[in-house]
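As a basis for the values below, the full set of heavy atoms in this structure was taken, side chains included, without hydrogen atoms, waters or symmetry mates.
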Amino acid sequence: MGSISRILIIGATGFIGRHVAKASVALGHPTYLLVRDSPASAKPERAQLLDSFKASGANILNGSLEDLASLVEAVKKVDVVISTVGGEQTANQLNIIQAIKEVGTIKRFLPSEFGNDVDNVHAVEPAKSLFEQKVKIRRAIEAAGIPYTYVASNFFAGYFLPTLSQAGLTAPPRDKVVIFGDGNARAVFVKEEDIATYAIRAVDDPRTLNKTLYLRPSANTLSFNELVALWEKKIGKTLEKVYVPEEQVLKIIEETPFPGNIIIAISHSVFVKGDQTNFEIGANGVEGSQLYPDVKYTTVDEYLNPFV
């Protein structure tokens with residue numbers, strides 16, 4: 001694998017970014033975090049997080065996606081750039097591409113993906129536009145000749161499993177469960193810490209160069225019906241199941257105001273269309289749990305235990 005790369009993470013205080021930053025440090029990479037300079041009093045939780053990163057040995061650099069000079073200076077310090085910025089900043093990653101081109105020494109760029117493989121989706125609005133923005137970033141990276149890895153990690157376990165994807169709940173259901181479609185499309189649920197570990201393992205791996213790294217651990221690839229059956233077994237109770245046909249799901253998306261409709265549109269893509277598993281991984285992709293069998297990932301079964 002050669003030497004251990006120096007890694008720059010942009011978006012390290014976000015939902016997935018904080019896990020990627022922790023994994024980078026834990027796996028021994030000299031780690032740099034590009035963060036906006038803002039007073040600690042403005043966001044105490046963020047300030048605490050940055051303090052914990054500093055204490056663990058990460059290097060904090062002040063800058064932003066909109067400030068190209070700060071991006072260039074940050075990129076000069078590292079070998080690998082990872083972006084974990086949120087959806088509203090997806091398009092601004094063109095500035096990262098520009099900075100990487102300008103510096104010219106980056107060995108790998110992982111843009112902000114961490115979800116469905118956006119080249120293999122059948123999504124409706126507003127998820128469609130969100131995915132299309134990520135596709136534009138992919139094509140720009142390829143056109144610039146920048147070495148890349150796209151992380152198609154599928155669902156964050158932390159978003160979907162604590163409520164079994166039920167709107168308005170704060171714990172998994174005990175009486176009734178609403179299921180989009182027929183419940184047979186298979187989805188993939190991966191714990192955020194595990195996504196981060198797989199992503200960091202990939203940065204120096206020649207097998208992931210210019211490839212999509214898919215996460216489809218076998219124990220975490222389940223249909224909604226299988227997920228409900230697993231939960232029912234744990235609580236020793238059969239739930240009432242309400243199946244929502246596709247045309248009704250589409251109507252709900254239309255009638256739900258933004259941004260609530262985004263998550264429903266993504267759920268439609270995954271639970272109705274099967275977009276996380278309805279295609280084979282081709283020559284341009286590799287699967288993380290097969291590449292790194294030594295990574296002990298948290299299974300869906302294990303994840304649900306504390307909720308029983």
A.B. asks: Does Glu192 reach the main-chain N or O of Gly158 with its side chain, forming a donor-acceptor pair under 3.5 Å?
C.D. replies: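 It does hold such a pair.
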A.B. asks: If we count only N and O atoms by modelled type, under 3.5 Å, do the side chains of Asp275 and Asn120 hold a donor and an acceptor together?
C.D. replies: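 Judged by distance alone, the side chains do not pair up.
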A.B. asks: Between Ser129 and Glu125, is the side-chain hydrogen bond (donor to acceptor under 3.5 Å, both in side chains) condition met? List the steps.
C.D. replies: CA-CA 6 Å; Ser129 294; Glu125 292 298 357; 2.8 Å; yes
A.B. asks: Would you check, one step at a time, whether the test side-chain hydrogen bond (donor to acceptor under 3.5 Å, both in side chains) holds for Thr238 with Glu232?
C.D. replies: CA-CA 6 Å; Thr238 301; Glu232 288 176 327; 4.8 Å; no
A.B. asks: Report the C-alpha distance between Asn284 and Tyr150 in whole Å, list the side-chain angles of each, state the deciding distance to 0.1 Å, and finish with yes or no for side-chain hydrogen bond (donor to acceptor under 3.5 Å, both in side chains).
C.D. replies: CA-CA 10 Å; Asn284 291 327; Tyr150 305 139; over 6 Å; no
A.B. asks: Are Ile141 and Ile106 connected in a single hydrophobic cluster, I mean Ile/Leu/Val/Met/Phe/Trp/Tyr linked by side-chain heavy atoms less than 4.5 Å apart?
C.D. replies: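 Linked within one cluster.
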A.B. asks: Hey, could you give me each pair passing side chain to side chain donor-acceptor pair (under 3.5 Å) that has a residue in residues 161-181? Not counting sequence neighbours.
C.D. replies: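 Residue pairs with at least one partner in residues 161-181: Asp175-Lys237.
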A.B. asks: Test side chain to side chain contact (heavy atoms under 4.5 Å, CB included) on Gln98 and Gln93 and set out the steps.
C.D. replies: CA-CA 9 Å; Gln98 195 179 333; Gln93 292 180 108; over 6 Å; no
A.B. asks: Can you list everything that forms a salt bridge (charged side-chain N to carboxylate O under 4.0 Å, His left out) with Glu193? Sequence neighbours excluded, please.
C.D. replies: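 Checked Glu193 against salt bridge (charged side-chain N to carboxylate O under 4.0 Å, His left out); zero matches.
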A.B. asks: For the residue pair Ser5 and Lys107, establish whether any side-chain heavy-atom pair is separated by less than 4.5 Å.
C.D. replies: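 Sidechains of Lys107 and Ser5: in contact.
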A.B. asks: One pair to check against side chain to side chain contact (heavy atoms under 4.5 Å, CB included): Ser153 and Val190. What are the steps and the verdict?
C.D. replies: CA-CA 7 Å; Ser153 54; Val190 190; 5.5 Å; no
A.B. asks: Kindly say whether Phe53 contributes a backbone atom to a donor-acceptor pair with the side chain of Ser56 at under 3.5 angstrom?
C.D. replies: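 Side chain of Ser56 to backbone of Phe53, a donor-acceptor pair under 3.5 Å: yes, one is there.
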A.B. asks: Check Leu94 against Ala140 and note the closest heavy-atom contact, atom names and distance.
C.D. replies: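 Here Leu94 and Ala140 meet closest at CD2-CB, 3.8 Å.
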A.B. asks: Work out which heavy atom in Ala265 is nearest to a heavy atom in Pro126; give both atom names and the distance.
C.D. replies: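 Scanning both residues, the minimum pair turns out to be CB-CD, 3.9 Å.
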A.B. asks: Do Ile252 and Val244 make a side-chain contact, defined as non-hydrogen atoms from C-beta onward lying under 4.5 Å apart?
C.D. replies: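 Of all side-chain heavy-atom pairs linking Val244 with Ile252, at least one is under 4.5 Å.
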A.B. asks: Which heavy atom of Ala21 sits nearest to which heavy atom of Leu33, and what is that distance?
C.D. replies: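 Answer, listing the atom of Ala21 first, then Leu33: CB-CD2, 3.9 Å.
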A.B. asks: With Phe109, which of Val81, Leu8, Val75 fulfils side chain to side chain contact (heavy atoms under 4.5 Å, CB included)?
C.D. replies: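 Answer to the side chain to side chain contact (heavy atoms under 4.5 Å, CB included) test with Phe109 among Val81, Leu8, Val75: Val81.
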A.B. asks: Under a 4.0 Å threshold between the charged nitrogen and the carboxylate oxygen, would Glu132 count as salt-bridged to Lys128?
C.D. replies: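 Salt bridge: yes.
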A.B. asks: At their closest point, which heavy atom of Ala12 faces which heavy atom of Leu49, and how far apart are they?
C.D. replies: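 Distance-wise, the nearest heavy atoms are O-CD2, 4.3 Å.
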A.B. asks: Using a 3.5 Å distance criterion without hydrogens, assess whether the side chain of Asn154 forms a donor-acceptor pair with backbone atoms of Asn116.
C.D. replies: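 A pair under 3.5 Å: no.
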A.B. asks: Do Lys134 and Asp117 meet the salt-bridge criterion of a basic N to acidic O distance under 4.0 Å?
C.D. replies: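 Not counted as a salt bridge, because no side-chain N and carboxylate O are separated by less than 4.0 Å.
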A.B. asks: Of all the heavy-atom pairs spanning Ala199 and Phe114, show the shortest one and how long it is.
C.D. replies: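 That closest heavy-atom pairing would be CB-CE2, 4.3 Å.
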A.B. asks: Quick one: salt bridge (charged side-chain N to carboxylate O under 4.0 Å, His left out) partners of Glu302, sequence neighbours excluded?
C.D. replies: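 Not a single residue meets the salt bridge (charged side-chain N to carboxylate O under 4.0 Å, His left out) criterion with Glu302.
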A.B. asks: Checking Asn95 side chain against Leu68 main chain: does a donor-acceptor pair fall under 3.5 Å?
C.D. replies: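 No.
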A.B. asks: Is it true that, when you exclude Lys241 itself, more than 12 heavy atoms of the residues, nucleotides or ligands shown sit nearer than 6.0 Å to its NZ?
C.D. replies: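 Counting neighbours around NZ of Lys241, more than 12 heavy atoms of other residues, nucleotides or ligands fall under 6.0 Å, so yes.
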A.B. asks: Give a yes or no answer on whether the side chain of Thr84 reaches the backbone of Ile10 with a donor-acceptor pair at less than 3.5 Å.
C.D. replies: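 Checking the backbone N and O of Ile10 against the side chain of Thr84, a donor-acceptor pair under 3.5 Å is found.
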A.B. asks: Go through Thr208 and Arg108 one step at a time and tell me if the side-chain hydrogen bond (donor to acceptor under 3.5 Å, both in side chains) criterion holds.
C.D. replies: CA-CA 10 Å; Thr208 59; Arg108 198 82 63 97; 2.8 Å; yes
A.B. asks: Would you check if the side chain of Asn225 reaches a backbone N or O of Asp182 as a donor-acceptor pair within less than 3.5 Å?
C.D. replies: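 Such a contact is found between Asn225 side chain and Asp182 backbone.
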A.B. asks: One thing to verify: whether Lys234 and Asp301 come together as a salt bridge, which I'm taking to mean a side-chain N less than 4.0 angstrom from a carboxylate O.
C.D. replies: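 Looking at Asp301 and Lys234, the cut-off is met.
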A.B. asks: Answer yes or no: is there an ion pair linking Asp119 with Arg138, defined by an N-O contact shorter than 4.0 Å?
C.D. replies: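 Judged by the 4.0 Å cut-off on N to carboxylate O distance, Asp119 and Arg138 do form a salt bridge.
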A.B. asks: Applying side chain to side chain donor-acceptor pair (under 3.5 Å), which residue pairs with at least one partner in residues 13-27 are found, sequence neighbours left out?
C.D. replies: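 For residues 13-27: Arg18-Glu45, Ser24-Thr31.
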A.B. asks: Are any of the side-chain heavy atoms of Val177 and Phe224 separated by less than 4.5 Å?
C.D. replies: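 Yes; the side chains approach each other to less than 4.5 Å.
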A.B. asks: Determine, using the 4.5 Å side-chain heavy-atom cutoff (strictly less than), whether Leu61 and Leu50 are members of one ILVMFWY cluster.
C.D. replies: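 Shared cluster, no.
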A.B. asks: Please evaluate residues Phe307 and Trp231 with respect to the criterion side chain to side chain contact (heavy atoms under 4.5 Å, CB included), reporting the C-alpha separation (whole Å), side-chain torsions for both, the decisive distance (0.1 Å), and the verdict.
C.D. replies: CA-CA 10 Å; Phe307 297 97; Trp231 177 242; 3.9 Å; yes
A.B. asks: Kindly indicate whether the side chain of Asn92, heavy atoms from C-beta on, has any atom under 4.5 Å from the side chain of Val85.
C.D. replies: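 A side-chain contact is absent here, since even the closest heavy-atom pair is not under 4.5 Å.
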A.B. asks: Return yes if some donor-acceptor pair links the side-chain N/O of Asn220 with the main-chain N/O of Thr298 below 3.5 Å, else return no.
C.D. replies: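 The answer is yes, because a donor-acceptor pair under 3.5 Å joins these two groups.
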A.B. asks: Tell me, please, which residues at least two apart from Lys273 pass salt bridge (charged side-chain N to carboxylate O under 4.0 Å, His left out).
C.D. replies: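 Lys273 satisfies salt bridge (charged side-chain N to carboxylate O under 4.0 Å, His left out) with Glu246 once adjacent residues are dropped.
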A.B. asks: Give a yes or no on whether the ring-centroid distance for Phe15 and Tyr159 is below 6.0 angstrom.
C.D. replies: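 Ring centroids of Phe15 and Tyr159 are less than 6.0 Å from each other.
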A.B. asks: Does some side-chain heavy atom of Val300 sit less than 4.5 Å from a side-chain heavy atom of Leu304?
C.D. replies: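 Result yes, sub-4.5 Å side-chain heavy-atom pair found.
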A.B. asks: Do Val80 and Ile16 share a hydrophobic cluster, counting only Ile, Leu, Val, Met, Phe, Trp and Tyr and linking them when any side-chain heavy atoms are less than 4.5 Å apart?
C.D. replies: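 Cluster IDs for Val80 and Ile16 match.
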A.B. asks: Could you tell me if the side chain of Asp67 sits less than 4.5 Å from the side chain of Leu71, heavy atoms only?
C.D. replies: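 Not in contact.
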A.B. asks: Check whether any side-chain heavy atom of Arg36 lies under 4.5 Å from a side-chain heavy atom of Arg46, and answer yes or no.
C.D. replies: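 A side-chain contact under 4.5 Å exists here.
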A.B. asks: Out of curiosity, does Ile262 fall in the hydrophobic cluster containing Val118 (side-chain heavy atoms, cut-off under 4.5 Å, transitive links)?
C.D. replies: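 Val118 clusters together with Ile262.
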A.B. asks: Test your reading of the model: is there a side-chain donor-acceptor pair from Gln276 to the backbone of Val188, 3.5 Å cut-off?
C.D. replies: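 Such a contact is found between Gln276 side chain and Val188 backbone.
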A.B. asks: Taking the hydrophobic residues Ile, Leu, Val, Met, Phe, Trp and Tyr, and joining any pair whose side-chain heavy atoms are under 4.5 Å apart, which ones share a cluster with Ile281?
C.D. replies: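 Members other than Ile281 - counting any ILVMFWY side chain reachable under 4.5 Å - are Tyr214, Phe279.
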A.B. asks: Counting the benzene-type ring for Trp, do Phe155 and Phe271 have ring centres under 6.0 Å apart?
C.D. replies: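 Ring centroids of Phe155 and Phe271 are less than 6.0 Å from each other.
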A.B. asks: Find out whether Thr149 and Val203 are in side-chain contact, i.e. whether some heavy atom of one side chain is under 4.5 Å from a heavy atom of the other.
C.D. replies: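 A side-chain contact under 4.5 Å is absent here.
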A.B. asks: Can you list the steps and then say if Ile137 with Ile97 is a side chain to side chain contact (heavy atoms under 4.5 Å, CB included)?
C.D. replies: CA-CA 9 Å; Ile137 295 298; Ile97 294 169; 4.3 Å; yes
A.B. asks: Out of curiosity, Ile96 CD1 to Ile146 CD1, how far, rounded to the nearest 0.5 Å?
C.D. replies: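 Rounded to the nearest 0.5 Å, the CD1-CD1 separation comes to 10.0 Å.
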A.B. asks: Considering all heavy atoms of both residues, which atom of Glu73 and which atom of Lys77 are nearest to each other, and what is their separation?
C.D. replies: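 What the structure gives for the nearest pair is O-CG, 3.6 Å.
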A.B. asks: Checking Glu287 side chain against Leu213 main chain: does a donor-acceptor pair fall under 3.5 Å?
C.D. replies: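 Here the side-chain-to-backbone pair does not exist.
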A.B. asks: Quick one: does any side-chain atom of Arg186 pair with a main-chain N or O of Gly274 as donor and acceptor, under 3.5 Å?
C.D. replies: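 No: the side chain of Arg186 does not pair with the backbone of Gly274.
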A.B. asks: Would you call Glu254 and Lys251 a salt bridge, taking side-chain N to carboxylate O under 4.0 Å as the test?
C.D. replies: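 No salt bridge links Glu254 with Lys251.
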